[in-house]
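Input: a single structure, listed below in structure tokens.
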Amino acid sequence: MARTIWFARHAQSEYNKKKLFTGWHDPDLTQHGIHKAHDLKEELYGVLFDHIYSSPLKRALSTAQILSDDKDLVLIISKGLIGKFNFSI
């Protein structure tokens with residue numbers, strides 16, 4: 001059975017807007033980021049996903065929730081998807 005895995009980075013966060021490293025800080029998406037996540041959702045219209053995985057960080061989870069909003073699938077939230085680097089010193 002062939003499988004396809006899609007990766008999407010979270011949309012723009014408040015820290016991205018300020019050109020700051022985010023690390024494990026948990027900023028919200030900007031209005032632009034929310035808009036871009038909706039744009040991605042439209043681009044992916046018609047792609048059938050079995051699951052959507054997200055870290056519990058707000059920027060990733062908000063993006064994943066927008067992408068999965070009206071789809072009949074499970075959004076799986078995993079702390080294991082949080083990056084190994086902590087730039088939030």
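Below, all heavy atoms of this structure are taken into account, side chains as well, without hydrogens, waters or symmetry copies.
With rounding to the nearest 0.5 Å, the separation of CZ in R9 from CZ in R59 is 8.0 Å. To the nearest 0.5 Å, atom OG1 of residue T4 and atom CG of residue D50 are 10.0 Å apart. Between L57 atom CG and T63 atom OG1 the span is 11.0 Å, to the nearest 0.5 Å. Residue Q12 holds its CD atom at 10.0 Å from NZ of K36, rounded to the nearest 0.5 Å. Between the NE2 atom in H32 and the CD atom in E14 there is a gap of 12.0 Å [rounded to 0.5 Å]. Distance check, rounded to the nearest 0.5 Å: CD1 of I66 to NE2 of H10 gives 13.0 Å.
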- Query: Is there a side chain to side chain contact (heavy atoms under 4.5 Å, CB included) between S54 and L75 once you walk through the steps?
  - Reply: CA-CA 7 Å; S54 176; L75 174 57; 4.2 Å; yes
- Take L61 and I77, measure what side chain to side chain contact (heavy atoms under 4.5 Å, CB included) needs, and give me the verdict at the end. CA-CA 8 Å; L61 187 54; I77 303 165; 3.7 Å; yes
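Among all heavy-atom pairs drawn from A11 and G33, the shortest one is CB-O, 3.0 Å. Nearest heavy atoms, A37 versus L67: O-CD2, 3.7 Å.
Under the 4.5 Å side-chain heavy-atom criterion for Ile, Leu, Val, Met, Phe, Trp and Tyr, I52 and W6 are members of the same hydrophobic cluster. Under a hydrophobic clustering in which Ile, Leu, Val, Met, Phe, Trp and Tyr are joined whenever their side-chain heavy atoms come within less than 4.5 Å, directly or via other members, F49 and I76 fall into different clusters.
Between the side chain of K58 and the backbone N or O of D26, at least one donor-acceptor pair lies under 3.5 Å. In this structure, the side chain of S13 does not engage the main chain of P27 through any donor-acceptor pair within 3.5 Å.
One finds a salt bridge joining D69 and K41 here, because a Lys/Arg side-chain nitrogen approaches an Asp/Glu carboxylate oxygen to under 4.0 Å.
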